[in-house]
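Index from 1, following the sequence. What you see below is based on every heavy atom in this structure, not just the backbone, and it leaves out hydrogens, waters and symmetry mates.
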Amino acid sequence: MPPKAPPGASPKAERGAPPVSPSDAPAGPGLRADWAPVPTPAGEFQLVPVRPERDLPVLTRWMNDPVVAAFWELAGDESVTARHLAPQLADDSHSTPCIGVLSGMPMSYWELYRADLDPLARHYPARPHDMGVHLLIGEGRDRGRGTGTTLLRAVTGLVLDHVPLCTRVVAEPDVRNAPSVSAFLRAGFRISAEIELPEKRAALMVRDRAHGSRP
């Protein structure tokens, strides 16, 4: 589940949460154009940056799926999803929202963000250029089959390949979300700690570059 304040919201909004990197550091993860598709055991996969005029209906449908809504808490009409996306689509955002396309079909939603510039940095020993990831599997047919693990491996590899200053990728799934935590573990992440966030108790998951960009 993502933080209630969407990634991309200024860390200055939270008093006492200065970013780890300087304020003039490049903000985004460098994904302003499509990254090339990559082969995975589940099929060819590509991250495509969100375009609201194209993607809002499917994202809203996914957010209203009970399995997704239980952790993302964004059920509602398209205006709810649009408000969540808006800070990430701003010019000064440090987050990039993406649709995950598997074998030509949109099936997942991803947020890639600079964790060291995010309010999350208040809650763990962040390093400059840490990258964070949120995801949801939007289509029920793709859940419970190991697809999430496969795609996490692929996306982590893409991040480490395309963001050379990033030495690790972090995530903070709700500790109650056992399938998500298990998927991260199987994808090569480790549980660094449990941390208290404003809206949940989270497992801080870390994937180090030294582990290899494509486990």
Side-chain angles (χ1 to χ4, degrees), residues 1-9 31 34 37-38 40-89 93 95-113 118 120 132-156 158-159 169-187 189 197-203 205:
M1 182 178 83
K4 291 284 177 78
L31 181 54
D34 296 358
V38 293
T40 79
E44 186 176 79
F45 180 75
Q46 185 171 21
L47 286 174
V48 180
V50 165
R51 287 168 39 197
E53 68 275 14
R54 177 193 63 201
D55 301 321
L56 199 53
V58 69
L59 282 172
T60 301
R61 177 169 62 83
W62 291 346
M63 293 300 182
N64 281 277
D65 182 298
V67 174
V68 172
F71 293 101
W72 283 71
E73 299 181 359
L74 290 171
D77 61 24
E78 290 187 359
S79 67
V80 176
T81 306
R83 283 196 298 271
H84 178 74
L85 292 172
Q88 301 181 76
L89 298 172
S93 170
S95 176
T96 302
C98 298
I99 299 292
V101 179
L102 183 63
S103 300
M105 296 295 294
M107 49 71 67
S108 56
Y109 172 66
W110 301 75
E111 294 172 348
L112 305 179
Y113 66 99
D118 191 82
L120 176 64
V133 59
H134 298 136
L135 79 150
L136 67 84
I137 304 297
E139 301 296 342
R141 65 177 178 271
D142 295 310
R143 298 179 193 140
R145 302 168 48 195
T147 303
T149 295
T150 296
L151 299 186
L152 275 168
R153 288 181 182 137
V155 169
T156 304
L158 283 167
V159 169
V169 180
V170 303
E172 23 74 43
D174 193 308
V175 295
R176 299 169 300 163
N177 192 346
S180 179
V181 172
S182 295
F184 278 102
L185 288 171
R186 291 194 300 270
F189 287 72
L197 300 179
E199 74 290 345
K200 65 182 178 183
R201 183 167 182 80
M205 316 290 296

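Ala154 approaches Val38 most closely through the heavy-atom pair CB-CG2, 4.2 Å. What you find for Tyr113 and Leu120 is that their closest heavy atoms are OH-CD2, 3.4 Å. Minimum interatomic distance between Ser180 and Pro173 (heavy atoms only, all atoms of both residues): OG-CB, 3.6 Å. Summarising the geometry of Ser103 relative to Ala42, their closest heavy-atom pair is OG-O, 4.0 Å, with the distance given to 0.1 Å. When all heavy atoms of Glu172 and Ala202 are compared, the pair lying nearest together is O-CB, 3.6 Å. Looking at every heavy atom in both residues, Pro106 comes nearest to Glu139 through O-CG, 4.1 Å.
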Do Val67 and Ile137 pass the side-chain contact (heavy atoms from CB on, under 4.5 Å) test, and can you show the C-alpha distance, the side-chain angles, and the key distance before you say yes or no?
CA-CA 10 Å; Val67 174; Ile137 304 297; over 6 Å; no
_Val48 vs Arg54, test: side-chain contact (heavy atoms from CB on, under 4.5 Å). Steps then yes/no._
CA-CA 11 Å; Val48 180; Arg54 177 193 63 201; 3.6 Å; yes
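Note that the CG atom of Leu85 and the CG atom of Leu59 stand 6.0 Å from one another [nearest 0.5 Å]. Interatomic distance, CG of Leu136 versus CD of Glu111, reported as 8.5 Å (0.5 Å rounding). Rounding to the nearest 0.5 angstrom, the gap separating the CG atom in Asp174 from the CD atom in Glu199 is 8.5 Å. Put simply, CD1 on Ile99 and CG on Asp55 are 4.5 Å apart, with the number rounded to the nearest 0.5 Å. In this structure, CG on Leu151 lies 8.0 Å from CG on Asp142, to the nearest 0.5 angstrom.
Looking at heavy atoms from C-beta onward, Tyr109 lies in side-chain contact with Val50 at the 4.5 angstrom threshold. Here the side chains of Trp110 and Leu152 are in contact, with some heavy-atom distance below 4.5 Å. Side-chain contact between Phe184 and Thr156 is absent, with no heavy-atom pair separated by less than 4.5 Å. Side chains of Glu78 and Met63 form no contact here, defined as non-hydrogen atoms less than 4.5 Å apart. Using a 4.5 Å heavy-atom cutoff, the side chains of Val169 and Phe189 are in contact. Side-chain contact check for Leu47 versus Leu112: some heavy-atom pair is nearer than 4.5 Å. For the pair Met105/Arg141, a side-chain contact is recorded, criterion being any heavy-atom separation below 4.5 Å from C-beta on. Between Thr150 and Phe45 there is no side-chain heavy-atom pair separated by less than 4.5 Å.
In terms of modelled atom types and a separation under 3.5 Å, the side chain of Arg143 and the main chain of Gly138 share a donor-acceptor contact. Formation of a donor-acceptor pair under 3.5 Å by the Ser93 side chain with backbone atoms of Leu89 is not found in this model.
Within a 6.0 Å sphere centred on CZ of Arg201, other residues, nucleotides and ligands contribute more than 12 heavy atoms.
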